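This report concerns only the one structure given below.
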Amino acid sequence: MLRMYLLGQWRQAPLLLAPVPAPVQVRCASMWNRLFGKEKNKSVETYHDGLSCNTKFQYIDDNPKKEINKRNQQAMDFFERFEREIEVSAERMDKYGRMCVESENRKKILYPMAERGKLYWDTGEGHVGAKKHFRCNENEFPVSDSYPPTIDEVYFQPFKMLTWRESLDGSHGVAIVGESPSLGTKIATFPLPIKNSTQIRYIDTEAVVTNIELVENDSAVFFTQEDNLIPFCVKAMDLNKGASSIRTVYEESDRRYFVDISKSFDDEFLFVNCNRKDASEIQFISVSNAMSSSLRTLIPRNDSICFVEHRNGMFYFLTNEGDAVNFTLMSAPAVSPQRSNWKTIVPHSEERMITDGAIIDKHFVLHCTDMNMEEYLLLINLETEEIVEHRPAEEYKYGKLSFHPTYDPSACTRTLLVECTLAQGEIVYWKCNFETPAKVNETGSDVEVVSSVDKHYFDTSKYRSEVLRVSSHDNVAVPMTIVYDKAVDPRKEPKPVLLRAYGAYGVPVTTSCGFIEKSFLKSGWIVAFAHVRGGGELGREWYNAGRREKKENSILDYLGCANYLVERGLTRRGLVVGIGHSAGGFTIASACNRDPAMFAALIMKAPFVDVLNTMMDTSQALTLHEREEWGDPINSKDDFLRLRELCPVQTLTRQPYPPIHISLCADDMVVPVSQGLKYVRCVEEMNTMGKDNPIVVLIHDDGGHDYMSSYATASQYMFAYLALMKRRQTDN
């Protein structure tokens, strides 16, 4: 698929947490009679002719270890009485996770993926991106339990296979391997199939390699190198000569841009893509003589986003240049690809956003989202330019779609496997025939519903999801997805609500219920997802309406969703638990600063809460790149004032704050661990609730920005449960 340049979408493992045992209810009240220690630090910095901002506890940046040890001990003390319940829940969650993987494996074996003349089954095991792949030629389709050769991660231990590429003839492969990207990587070459670990040759590039492609009859590779989280250059290496042959092909001097490489569908060209939030540049080179040729500019650097593919002598451009904010598909001959020769294939529309695309044989498949937040596919025959719309059946219209090229051995043809993930947790599959795409799934006879959760732990058929429309502060309709038990009318009696949000980078909030959401559903809660502005749910303009000078809309939309649930009788004030990860932490923490009484608790993972100080610190990895999202407070007084009014750390005041649970990772380079620790110290200093509403911080030694252990997840559920009971006791 095309590499759509949207940062901030974070993974969530499909695990489940068991409900909290009843005895906890008797013991919970005393656990809130704790308050963690404080240290005073009244540091203030001034900018723009005397304007000040809160820079308290900045010393934690230099030496966070002492604070980490302190917080972990406090968390252990807090959960000491519930240690066994949390461990049991974590064990059940891990067991459920293994069952999910096994279920997905069985499903994927039924639907082989077709790519470059080979069939693949991704077994879903091992490290992210480092999975087993079964391989065979299309004319050697396996039957029953007979599987073709595998690429097994076990041969690469102690390294993890981060990504890999296979030669066109299937004789060998290359991979990026490492214990973790932050600890450095190596390039591995190996024959296929691998029979033992001695067949693997490791090449030390003395760099962090982030992407790799084979060129020149698969005898050489191009790869990207990262510096401080920013992929900034492209290098080439002759596989026969090894590290001594490494040379720089391209180096980007502007660190606002990320550099990426990709090969065209037909393996004719290698593209070097330079992207930032609102601009891009594309260079290309022939794959067949890449080592002896120079890059040529295909798309000059300009203020638009563009992605490119190639097939049968034609370039295809997916671009949002000019007024085409929601993207349009255009084409041009490869021999004369200049802008004057571009031809529109799929025109721009204000009624839908193109979010992804891929060439599959003679078709271009586009993934689209309309302004009702319904996802569908456009299938374009590149030979006839006929366009067919393929939509899910009515009951699946709000599902999250993805598509995969697959192969039908009975008909010896490629088809399209459509995967639809529903909010309540089911995964639905159906096949789409390119010849009659509009007829597929009209009756539902071709649909196979697969529960992503074993019914012993979570029966998705018991739950219903719907999309509500919430009028925000400026009368803009904000979508909100809610999931609840079918057996209970949520409008008859107020229920506790878990309200998730993200609202940044043009990335939609993940609406499929993960492990923590399913745990709350089992306990009778409503799970809600606020599709606030700044996300990508309703197109590029929806994203632009929640960034930089319009960032406040994200916060007000979130509060509007919470108030809507109260006004409609689905919940009441003080029964809402806000949950967010990374930039989602900014949204819910800012909302809490404005209306803390709305929340029973906050649950945050790696929250981006010290935005103003981060955007003024160019030594941090992503600051220059992120200023297009948040603003430039160093060079713009207006940006400084705006962020000072929105940033969670800057807008804390002396008032009662709800209990807060934060999960951090000591080796997180995206949102450094010190940022969450500083926020905690600032909240403790301002919280007038004293010992009643503590803050619990769990910190992992390693794992990076997205990682969270089963224990931490179990503690999140326990914490929210205790906070809710405490709030109910207070109200009574």
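It should be emphasised that the depicted structure is a prediction, and the values quoted were computed from it without experimental measurement.
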Quiz item: Step by step, would you call E383 with R311 a salt bridge (Lys or Arg N to Asp or Glu O under 4.0 Å)?
Solution: CA-CA 11 Å; E383 296 179 356; R311 177 187 180 273; 3.4 Å; yes
Quiz item: Taking it one step at a time, do F258 and L622 satisfy side chain to side chain contact (heavy atoms under 4.5 Å, CB included)?
Solution: CA-CA 10 Å; F258 279 27; L622 299 174; 3.9 Å; yes
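Using a cut-off of 4.0 Å between Lys/Arg side-chain N and Asp/Glu carboxylate O, R391 and E389 are scored as salt-bridged. With respect to the salt-bridge test (charged N to carboxylate O, under 4.0 angstrom), the residues R339 and E321 qualify. Ion pair E385/K343 flagged as a salt bridge, since at least one NZ, NE, NH1 or NH2 atom sits closer than 4.0 Å to an Asp/Glu carboxylate oxygen.
Aromatic pair F529/Y502: ring centres not closer than 6.0 Å. A centroid separation of 6.0 Å or more is found between the aromatic rings of F307 and Y316.
Legend: residues meeting side-chain contact (heavy atoms from CB on, under 4.5 Å) with S294, ordered by chain and number and at least two apart, are absent.
Between the side chains of N211 and D260, at least one donor-acceptor pair of N or O atoms lies under 3.5 Å. Side-chain atoms of H531 and T481 include a donor-acceptor pair closer than 3.5 Å. The closest side-chain donor-acceptor pair between S465 and Q424 falls under 3.5 angstrom.
For E541, the CD atom sits in a loose shell: 12 or fewer heavy atoms of surrounding residues, nucleotides or ligands are nearer than 6.0 Å. Within 6.0 Å of the CD atom in E466, the count of heavy atoms belonging to other residues, nucleotides or ligands exceeds 12. When the shell of 6.0 Å around CG of D254 is examined, it contains more than 12 heavy atoms from other residues, nucleotides or ligands.
Sorted by first and then second residue, the pairs that involve residues 280-293 and meet side chain to side chain donor-acceptor pair (under 3.5 Å), not counting sequence neighbours, are E281-R301, S286-S288, S286-N289, N289-S293.
Within the 4.5 Å cutoff, no side-chain heavy atoms of V221 are placed close to those of E216. In this structure, H310 and F265 have side chains that are not in contact, with every pair of non-hydrogen atoms separated by 4.5 Å or more. Side-chain contact between S262 and L270: absent, with no pair of heavy atoms (C-beta onward) separated by less than 4.5 Å. Counting heavy atoms from C-beta on, the side chains of L377 and L416 come closer than 4.5 Å.
Between F315 and F284, the ring planes are perpendicular. Angles over 60° get that label, and only those under 30° would be called parallel. The aromatic rings of F156 and F190 sit perpendicular, their planes meeting at an angle over 60°, well past the 30° parallel limit.
Across E537, K277, E629, a single residue satisfies side-chain hydrogen bond (donor to acceptor under 3.5 Å, both in side chains) together with Y543, and that is E629.
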